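All of these numbers come straight from a predicted model, not from anything done at the bench. Computed from heavy atoms alone, side chains included, the values below leave out hydrogens, waters and symmetry copies.
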Amino acid sequence: MIVCVCNNISDREIRQAVDLGITSVAELRKELGLGTCCGKCVSYAREVLHEAIDSKTTVTELSFRSTQLA
């Protein structure tokens with residue numbers, strides 16, 4: 001779905017940006033140009049950003065390795 005109509009930025013692009021390390025609306029603005037025209041998209045973009053960050057899986061340990069070595 002298009003989040004920023006002015007700059008044609010989709011929710012998918014925001015999720016990809018999170019995968020690449022973007023963590024704030026300011027970074028989305030700088031890297032994608034989100035919210036630089038009318039600004040009406042910023043509140044929804046923030047929601048998408050936080051959902052993407054919250055759902056991002058972070059590997060902290062390779063637990064299957066420790067069980068194989070034991």
Under 4.5 Å between any side-chain heavy atoms of Val3 and Ile9, yes or no?
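Contact flag for Val3/Ile9 side chains = no.
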
Any Leu49 side-chain heavy atom under 4.5 Å of Val25 side chain
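They are in contact (side-chain heavy atoms under 4.5 Å apart), so the answer is yes.
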
Using only heavy-atom distances, determine whether the side chains of Glu27 and Thr23 contain a donor-acceptor pair under 3.5 Å.
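Present: a donor and an acceptor within the cut-off.
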
From [X] atom [atom1] to [Y] atom [atom2], the distance as rounded to the nearest 0.5 Å:
X	Y	atom1	atom2	answer
Arg46	Ile14	CZ	CD1	11.0 Å
Leu28	Cys41	CG	SG	9.5 Å
Lys30	Ser24	NZ	OG	10.0 Å
Glu13	Leu20	CD	CG	11.5 Å
Lys40	Cys4	NZ	SG	12.0 Å
Ile22	Leu34	CD1	CG	11.0 Å

Give me the atom names and distance for the closest heavy-atom approach of Asn7 to Gly35.
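So the minimum-distance heavy-atom pair works out to ND2-N, 4.5 Å.
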
Are Arg15 and Asp19 ion-paired here, with the side-chain N under 4.0 Å from a carboxylate O?
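So Arg15 does not pair with Asp19 through a salt bridge.
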
Should Val18 and Tyr44 be counted in the same cluster of Ile, Leu, Val, Met, Phe, Trp and Tyr side chains packed under 4.5 Å apart?
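Yes, Val18 and Tyr44 fall within the same hydrophobic cluster.
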
